[in-house]
Chemist: 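Take this structure first; my questions come after.
In what follows, chains are A, B, ... by sequence order, proteins preceding strands, each numbered from 1.
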Protein chains: 2
Amino acid sequence: MTRTDEILSAAERLLAAHGPQGLTMRQLALEIGVKAPSLYKHFPDKAAIEAALQERALRGQSEALAHATPGLAGLASAYRAWALRNPHLYGLLSRQHLHRDRLPPGVEDAAAAPLLRETGGDIDRARALWGLAHGLVELELAGRFPEGTDIEAAWRAGLEGFQRPRREGFRT
Amino acid sequence: MTRTDEILSAAERLLAAHGPQGLTMRQLALEIGVKAPSLYKHFPDKAAIEAALQERALRGQSEALAHATPGLAGLASAYRAWALRNPHLYGLLSRQHLHRDRLPPGVEDAAAAPLLRETGGDIDRARALWGLAHGLVELELAGRFPEGTDIEAAWRAGLEGFQRPRREGFRT
DNA sequence: GTCTATACCCGGATAGAC
DNA sequence: GTCTATCCGGGTATAGAC
């Protein structure tokens with residue numbers, strides 16, 4: 001494992017454990033047993049580290065979705081599970097600015113592909129499905145649902161609208 | 001206008017103009033022509049100011065939804081419009097911790113009422129609708145949709161699934 | 001590529017005089 | 001209820017020796 005990877009792994013650990021506020025150059029250096037200024041020999045600035053973390057997150061999410069149980073319910077379940085298991089990594093993708101310019105091309109599309117596939121290539125429905133999943137996850141992570149809420153029931157209710165066939169008489 | 005209200009209005013202005021990072025006790029004091037320590041004569045700490053702002057935000061959102069054009073499309077449009085017009089206020093409700101303990105009872109439910117009404121009292125579908133709206137708004141605000149995306153089409157596609165009747169043969 | 005030392009700026013919050 | 005002065009902590013980042 002190169003030092004660069006070591007830094008990123010430590011950053012991931014730090015983010016997971018203490019959230020975005022806990023990811024500082026000082027703490028990061030402390031975590032890998034080095035002094036803060038040394039980090040700048042490996043990354044030009046903090047934004048570069050965040051960008052690298054976003055790339056990792058997108059890849060992880062892609063893989064989780066790609067290996068989901070086939071079908072709408074399976075995909076949704078995989079989406080939610082990954083987000084709940086990596087709440088701060090998920091937040092890094094949605095709550096922080098996405099450093100598109102520092103991202104290798106294709107990673108973003110790769111994460112979206114499973115959703116697009118599920119809607120049969122309908123881009124509008126894919127985006128709506130993304131919105132539904134993203135919204136429910138964010139509300140859950142933010143603790144906006146009251147204690148004891150049946151969140152799975154909300155998912156089922158929302159996914160009902162995405163069952164085929166949508167337009168009557170149309171069949172694939 | 002009391003000094004307390006003056007502080008909150010200035011805080012709202014600051015938040016709208018420069019985002020959460022721009023809302024600091026120093027800037028807030030500067031905005032109303034006073035020194036920072038004076039603010040603590042009106043609010044115990046910064047969290048109290050944020051809580052008051054959240055209450056204002058919830059009330060504003062409630063009113064916007066209550067005055068929406070009747071029907072699913074009208075409600076959705078009002079939800080989106082309010083969020084786009086008050087992006088940082090919206091973010092204060094979803095991206096920051098909701099200070100429920102400092103919130104007057106009822107304000108949170110009041111904001112949710114129009115959605116629940118739209119789904120005919122079905123709480124699960126109301127939450128799903130909330131998730132859809134919240135997710136699409138967050139994705140739009142975060143700039144996650146590519147340039148030129150037809151966001152309204154995504155909304156239409158998502159709302160399709162919420163058209164009645166949902167369960168076949170059932171009618172109100 | 002690591003270190004020490006440090007610059008620089010910012011944050012929230014308090015003490016005590018008036 | 002306002003002020004001045006200040007505490008204390010924290011952040012990103014750089015210079016220059018080794």
Side-chain angles (χ1 to χ4, degrees), chain A residues 1-57 88-89 91-92 95-103, chain B residues 1-57 88-89 91-92 95-103:
Chain A
M1 182 141 75
T2 75
R3 183 115 274 203
T4 297
D5 283 336
E6 194 183 352
I7 292 174
L8 290 180
S9 295
E12 222 168 68
R13 233 178 303 130
L14 224 45
L15 184 69
H18 309 291
Q21 308 286 354
L23 178 56
T24 72
M25 299 302 271
R26 288 200 222 264
Q27 273 301 316
L28 183 50
L30 197 69
E31 181 82 7
I32 64 174
V34 96
K35 301 300 177 182
S38 305
L39 298 174
Y40 292 88
K41 296 292 182 181
H42 303 275
F43 293 91
D45 51 29
K46 192 187 176 183
I49 295 179
E50 290 174 341
L53 241 42
Q54 287 182 330
E55 185 190 334
R56 280 192 169 205
H88 294 299
L89 226 42
L92 196 67
R95 285 187 281 276
Q96 314 246 338
H97 170 248
L98 229 195
H99 300 272
R100 282 208 176 80
D101 41 333
R102 311 210 201 192
L103 237 47
Chain B
M1 180 141 76
T2 75
R3 181 114 275 200
T4 298
D5 283 335
E6 192 183 353
I7 292 174
L8 290 180
S9 296
E12 222 168 70
R13 233 177 304 131
L14 224 45
L15 184 69
H18 308 290
Q21 308 286 354
L23 179 57
T24 70
M25 299 302 271
R26 291 199 219 265
Q27 272 301 315
L28 183 51
L30 197 68
E31 181 84 6
I32 64 175
V34 95
K35 301 299 178 184
S38 304
L39 297 174
Y40 292 87
K41 296 292 181 182
H42 304 276
F43 292 91
D45 50 27
K46 193 188 176 184
I49 295 180
E50 289 174 342
L53 242 42
Q54 287 182 330
E55 184 190 335
R56 280 193 170 204
H88 295 299
L89 226 43
L92 197 66
R95 285 186 282 274
Q96 314 247 337
H97 170 247
L98 229 195
H99 300 272
R100 281 209 177 78
D101 42 332
R102 310 208 200 192
L103 237 47

Chemist: Taking side chain as C-beta onward, heavy atoms only, is Ser9(B) less than 4.5 Å from Glu31(B)?
Modeler: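 They are not in contact (no side-chain heavy atoms under 4.5 Å apart), so the answer is no.
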Chemist: Decide yes or no for Glu12(B) and Leu15(B): does some side-chain heavy atom of the first lie under 4.5 Å from some side-chain heavy atom of the second?
Modeler: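 Heavy-atom side-chain distance check fails, nothing below 4.5 Å.
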Chemist: Between Arg26(B) and dC10(C), is there a contact of a side-chain N or O with OP1 or OP2 at under 4.0 Å?
Modeler: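 For Arg26(B), the contact criterion (side-chain N or O under 4.0 Å from OP1 or OP2 of dC10(C)) is not met.
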Chemist: Atom CG of Asp45(B) to atom P of dT14(C): distance rounded to whole Å?
Modeler: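 These atoms are roughly 8 Å apart.
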Chemist: Measure the spacing between CD of Glu55(B) and CG of Leu103(B) and express it to the nearest 0.5 Å.
Modeler: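 One finds 6.0 Å between CD of Glu55(B) and CG of Leu103(B).
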Chemist: Using whole Å, report how far NE2 of His18(A) lies from P of dG10(D).
Modeler: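 About 14 Å, once rounded to whole Å.
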Chemist: It should be established whether Ser38(B) places a side-chain nitrogen or oxygen under 4.0 Å from OP1 or OP2 of nucleotide dC3(D).
Modeler: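 True: Ser38(B) side-chain N/O within range (under 4.0 Å) of dC3(D) OP1/OP2.
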Chemist: Are Ile7(A) and Val34(A) side-chain neighbours, meaning at least one heavy-atom pair lies under 4.5 Å?
Modeler: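 A side-chain contact is absent here, since even the closest heavy-atom pair is not under 4.5 Å.
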Chemist: Given atom CD1 of Ile49(A) and atom C1' of dT12(D), what is their separation to the nearest angstrom?
Modeler: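 Rounded to the whole Å, the gap is 11 Å.
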Chemist: Atom CG of Leu28(B) and atom C1' of dC10(C): how far apart are they, to the nearest Å?
Modeler: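 Atom CG in Leu28(B) sits about 16 Å away from atom C1' in dC10(C).
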Chemist: Could you tell me the separation between the CG atom of Leu39(B) and the C1' atom of dT14(C), rounded to a whole number of Å?
Modeler: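 Rounded to the whole Å, the gap is 14 Å.
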Chemist: Does dT12(D) have its OP1 or OP2 closer than 4.0 Å to a side-chain nitrogen or oxygen of Lys46(A)?
Modeler: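 Checking Lys46(A) against dT12(D): at least one side-chain N or O falls below 4.0 Å of OP1 or OP2.
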Chemist: Could you please name the option among dT4(D), dG12(C), dT14(D) that lies closest to any side-chain atom of Pro37(B)?
Modeler: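 For Pro37(B), the side-chain atoms sit closest to dT4(D).
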Chemist: Using whole Å, report how far CD of Gln27(B) lies from P of dG11(C).
Modeler: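 After rounding, the reported distance stands at 7 Å.
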Chemist: Evaluate the criterion side-chain contact (heavy atoms from CB on, under 4.5 Å) for residue pair Ile49(A) and Met25(A); output intermediate values, then yes/no.
Modeler: CA-CA 10 Å; Ile49(A) 295 179; Met25(A) 299 302 271; 4.0 Å; yes
Chemist: Using the side-chain heavy atoms of Arg3(A), tell me which of these nucleotides is nearest: dT2(C), dA13(C), dG11(C).
Modeler: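 Ranking dT2(C), dA13(C), dG11(C) by closest atom to the Arg3(A) side chain puts dT2(C) first.
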Chemist: Using whole Å, what does the distance between atom P of nucleotide dG11(C) and atom OH of Tyr40(B) come to?
Modeler: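 Checked: the OH to P distance equals 11 Å.
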Chemist: When the distance from CD of Gln21(A) to C1' of dG12(C) is rounded to whole Å, what number comes out?
Modeler: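 Answer to the nearest Å: 14 Å.
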Chemist: Select one nucleotide: of dA13(D), dG1(C), dT12(D), the one nearest the side-chain heavy atoms of Lys41(A).
Modeler: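 For Lys41(A), the side-chain atoms sit closest to dG1(C).
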